[in-house]
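Presented below is the structure to which this report refers.
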Number of protein chains: 4
Amino acid sequence: MTDPDVRDAIMTATYEALCEKGYSDLTAQSIADRTDRSKSALFYHYDSREALVAELIEYLIEGFESRVAKTRDQPALERLVAFIDWFLSAPDDDERAFHTALLELRAQAPYNDVFRERLRESDAHLRHALVEILEDGIEEGVFCDHDPDAIATLLLAAFDGARIRQVTLDRNEYLETISTGVVDHILADVLDPDAELPAEASFAFPRDERLRNDEKSPVETATDDAEPRDTDE
Amino acid sequence: MTDPDVRDAIMTATYEALCEKGYSDLTAQSIADRTDRSKSALFYHYDSREALVAELIEYLIEGFESRVAKTRDQPALERLVAFIDWFLSAPDDDERAFHTALLELRAQAPYNDVFRERLRESDAHLRHALVEILEDGIEEGVFCDHDPDAIATLLLAAFDGARIRQVTLDRNEYLETISTGVVDHILADVLDPDAELPAEASFAFPRDERLRNDEKSPVETATDDAEPRDTDE
Amino acid sequence: MTDPDVRDAIMTATYEALCEKGYSDLTAQSIADRTDRSKSALFYHYDSREALVAELIEYLIEGFESRVAKTRDQPALERLVAFIDWFLSAPDDDERAFHTALLELRAQAPYNDVFRERLRESDAHLRHALVEILEDGIEEGVFCDHDPDAIATLLLAAFDGARIRQVTLDRNEYLETISTGVVDHILADVLDPDAELPAEASFAFPRDERLRNDEKSPVETATDDAEPRDTDE
Amino acid sequence: MTDPDVRDAIMTATYEALCEKGYSDLTAQSIADRTDRSKSALFYHYDSREALVAELIEYLIEGFESRVAKTRDQPALERLVAFIDWFLSAPDDDERAFHTALLELRAQAPYNDVFRERLRESDAHLRHALVEILEDGIEEGVFCDHDPDAIATLLLAAFDGARIRQVTLDRNEYLETISTGVVDHILADVLDPDAELPAEASFAFPRDERLRNDEKSPVETATDDAEPRDTDE
DNA sequence: AATGAATGAGCATTCATTCAT
DNA sequence: AATGAATGAATGCTCATTCAT
């Protein structure tokens, strides 16, 4: 199978191209451009453009898992607040671009079994992370007894709905309204009367370090030098 | 301006093509095929494929508005239950196809000013309809005093999040969980202690009659894989 | 046959559209836009777009003839200088646009019998006008005896060559070089030793008054209102 | 950069297609048809149809240059006569087709910066070749002292004007008249009294061997009217 | 492992022209 | 005399994918 370094390189390129172009404008060339390999190399390592993107979802899940793992030693309430924050605070440009592209990807899932399967897996991990927080919180006594699954489902729906509205309508203001609503109407019902939700997260849910594009190397777009295209002799 | 009958015909065709093909596979030809006109006729009436779709959103808003109007004489609680039902009950195949296509459209909004503007308008109408119900309910005394705008925003987020999960992950089960959660955790907080949410809607939120495809005339083309989209885009 | 006023209107519109768009971008619509009639009306009066343009050449010839007629009472040398001036002085923007478009038209002649026939006719008139000047000059004694036909042919070639270079290479400087060369090397040979070519024309070769676009009515191009194209409902 | 053989093949195909179809009927397909490659291959090597044609002009210039180089050892008067002959003798069908197409191209220059730039370059080379002849002639003592630049400009104008009339009006007879006129009225003035212009060229200005279409392989397509363009654009 | 070259299928859009009214 | 609506034919260009090397 593909060398992990090569995989990293291709996945990062795919991620960046996806963020910059969006899914429907994502071309094999635009991925290759962000790589020091050729377009053909992509197809050598992956069967199709679709497979490339499916693999990216997988890659992102792995990243998510390892980041969740890093926070497991924190108290449940802290983790919950960090999670909400991660989901519902106004994104910077890079995050926004990613969510935008991810939404496009999700929108393809109904037509694409492979994507759907990967996204289900991703959903499972996300839900699991939240359920874990809720269960740990019950154990820690900061949550009253409740059905963590059902609450997680409801929370994720609200979070997702917040995001889709923010991204598609360009309305950041919804995020805070929903964040407040979630706390007041949903979390209020599961929080132990003696516990209190921290007003602010004591730590930030970590970013995926593999995808940090440290050096914003702008990809030349005008004259694509991957192809001959000789204008002058 | 285009003859209303022609507009109806084109909009219906656009709607059907969109549902069957999805947005990214929506071609001018696929719309024309569902019309007794030629592809060129489409461009005679509308500037571009994009304009055609933008107009469809407008058309759907008009339909939504007139359907909302029809329910204004109902009591607030009934309307609320009907609204939730409309949003959160398991869709039939046609509805599902529509939601799927609509999600694709929304996913394009970040890249497309025209769509975004239309979708904002659509969002405003949807929110307004919900706010209206909540306000009427306060007046009728079935809701305690609260901020209808904030609650509407929260509800719509939860609804939308439910839908996107159902559609993209093919998980109908989420719908009911979220429906129950919404009622128990959000509506419970705004319902007047003396009032009770009907267990079931006494009327169904009406469908858009203009788009009822009575006769499922399968479009046939030579090499056309008549099957609704399947693999990848 | 078509009412002369209508013909004038259509011909003027054709002329203007041709100048503004060039021949290869000349569309029936662009002509109709410069008319208070519809595109269909054009086809009612003329068989085809080609016929429209062919008729324009005819129309221009008529104009040329009547302008030549106006100068027949002038002395040959004055007429010659005016003619050279008309041909070889730096054109203003409108003239340049016309010459540019006309060149395109001429370039189509090898492929188009109708155009070729009309342009031959036009050439004949032009040559005749020049020959007439030369013959009158011989009679007036300002030219020594020579073959007016041959000289006219040579002069027109030089003029035309000057123009094509000026227009296609955007090199106005060629015009003066050639003008001087024509006078020094060609006209010097036919001028009577006692006669002298005026340094400057005493009158300007007249313009075609029918085509003076007095009011530069800018044609709206963006949203063509000749078609429905309803963007919003 | 594209393999020289491939470039040759594509340029030859472009040349042939241009001659046969003319510029306004020149389609990417018509070029590909004259190649053993696909239409897409064209776009792999060149950015656009326009770039293809621009490159052809470049290619022709290279050819011209190398052919000029081959004649530099001839005496100036011989070269001049060969040059005039090349320009002003009645063309065979292939040459005529080429001049026709080239005229169309030149007619596009005012609208097309890329073409204009290339054609300016081409003009510079042509002028330079003529100036060189005149300068060499002065040095050789066969021309009296004169301004080679001005004379070259005048000659080229006359030549070009002769050609455009011949091509667009289908009047070969003009060529000889102008040829004679040029000799009698222009060259007579610069020729040294002791020198004499050869009545006939001792060698022919060479053809571009790369473009010799040895085997007239008629391109066949299903509905293709194989006949060279005929009616209107 | 990697690539340069090539390709075929696909698609939005334009436009001269027609025709019923 | 005139038009709005409609159309069919045509075309440049894109892109995932293949394959010989």
Side-chain angles (χ1 to χ4, degrees), chain A residues 2-3 6 24-32 35-52 224 226-229, chain B residues 1-3 6 24-32 35-52 223-224 232-233, chain C residues 2-3 6 24-32 35-52 224 226-229, chain D residues 1-3 6 24-32 35-52 223-224 232-233:
Chain A
T2 299
D3 178 309
V6 176
S24 62
D25 275 0
L26 181 70
T27 65
Q29 188 61 58
S30 67
I31 297 176
T35 273
D36 42 16
R37 278 167 185 76
S38 76
K39 192 171 44 160
S40 314
L42 261 32
F43 289 97
Y44 175 77
H45 290 287
Y46 297 90
D47 277 341
S48 62
R49 193 188 57 142
E50 183 197 12
L52 222 29
D224 201 290
E227 322 255 293
R229 305 253 141 135
Chain B
M1 197 262 188
T2 298
D3 179 307
V6 175
S24 63
D25 271 5
L26 181 69
T27 65
Q29 188 60 59
S30 67
I31 298 176
T35 273
D36 43 14
R37 280 167 184 76
S38 75
K39 195 171 41 159
S40 317
L42 261 32
F43 290 100
Y44 176 72
H45 291 285
Y46 297 91
D47 272 334
S48 62
R49 197 190 52 146
E50 183 197 22
L52 227 21
T223 55
D224 199 22
D232 65 354
E233 66 88 45
Chain C
T2 298
D3 177 311
V6 176
S24 63
D25 274 0
L26 181 69
T27 64
Q29 188 61 60
S30 67
I31 298 175
T35 272
D36 42 15
R37 279 168 185 74
S38 77
K39 192 171 42 161
S40 314
L42 261 33
F43 288 98
Y44 174 77
H45 290 288
Y46 296 90
D47 277 342
S48 63
R49 194 189 56 143
E50 184 197 11
L52 222 28
D224 202 291
E227 322 257 293
R229 305 255 140 132
Chain D
M1 198 264 187
T2 298
D3 180 305
V6 176
S24 64
D25 270 5
L26 180 69
T27 65
Q29 189 58 59
S30 67
I31 298 176
T35 274
D36 43 13
R37 280 166 184 78
S38 75
K39 194 171 41 159
S40 318
L42 261 32
F43 290 102
Y44 175 73
H45 290 286
Y46 298 91
D47 272 334
S48 62
R49 196 190 52 146
E50 182 196 22
L52 226 23
T223 55
D224 200 22
D232 67 353
E233 68 87 42

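What you see below is based on every heavy atom in this structure, not just the backbone, and it leaves out hydrogens, waters and symmetry mates. In what follows, chains are A, B, ... by sequence order, proteins preceding strands, each numbered from 1.
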Distance test, side-chain N/O of His45(B) to OP1/OP2 of dG4(F), below 4.0 Å: no

DNA chain E: 5'-proximal contact among Ala41(A) and Gln29(B) (nearest heavy atom): Ala41(A)

Phosphate OP1/OP2 of dT7(F) contacted by Ser38(B) side-chain N/O (<4.0 Å): yes

Value in whole Å for how far the P atom of dG10(E) lies from CZ of Phe43(D): 18 Å

hbond_proxy Lys39(D) side chain to dT7(E) base (donor-acceptor, 3.5 Å cutoff): no

For atom CG of Asp25(D) and atom C1' of dG12(F), their distance in whole Å: 15 Å

Spacing of Asp3(B) atom CG relative to dT21(E) atom P, expressed in whole Å: 15 Å

Value rounded to 0.5 Å, distance of CG in Leu42(C) from CZ in Arg49(C): 11.5 Å

Minimum-distance pair of heavy atoms, taken over all atoms of Ser30(D) and Asp25(D): OG-O, 4.5 Å

Rounded distance in Å - CG (Leu42(B)) to P (dC11(E)): 15 Å

Closest nucleotide among dG12(F), dT13(E), dA5(E) to the Ser40(A) side chain: dA5(E)

dA1(E) - base-pair partner by Watson-Crick or wobble geometry, distances under 3.5 Å: none

Position toward the 5' end of DNA chain E (nearest nucleotide), Arg37(D) or Val6(A): Val6(A)

Pair assignment for dT7(F), Watson-Crick or G-U wobble, requiring both distances under 3.5 Å: dA16(E)

Between dC11(E) (P) and Glu50(B) (CD): distance, integer Å: 18 Å

Over all atoms of both residues, closest heavy-atom pair of Ser38(B) and Ala32(B): C-CB, 3.9 Å

Side chain of Thr27(C) (C-beta onward), nearest among dT13(E), dT17(F), dC15(E): dC15(E)

Sugar-phosphate only, base, or nothing, as touched by Leu26(C) at under 4.0 Å among non-hydrogen atoms: sugar-phosphate

Value in whole Å for how far the C1' atom of dT17(E) lies from CG of Leu52(C): 13 Å

Minimum heavy-atom distance between Phe43(A) and Ser48(A), given as atom pair plus value: CE2-CA, 4.0 Å

Proximity to the side chain of Arg49(C) - top-ranked nucleotide from dC13(F), dA16(E), dA10(F): dA16(E)

Nearest-0.5 Å distance that lies between atom CD1 in Ile31(C) and atom CG in Leu52(C): 4.5 Å

Base paired to dC11(E) (Watson-Crick or G-U; both N/O distances under 3.5 angstrom): dG12(F)

Any Tyr44(D) side-chain nitrogen or oxygen under 4.0 Å from OP1 or OP2 of dA6(E): no

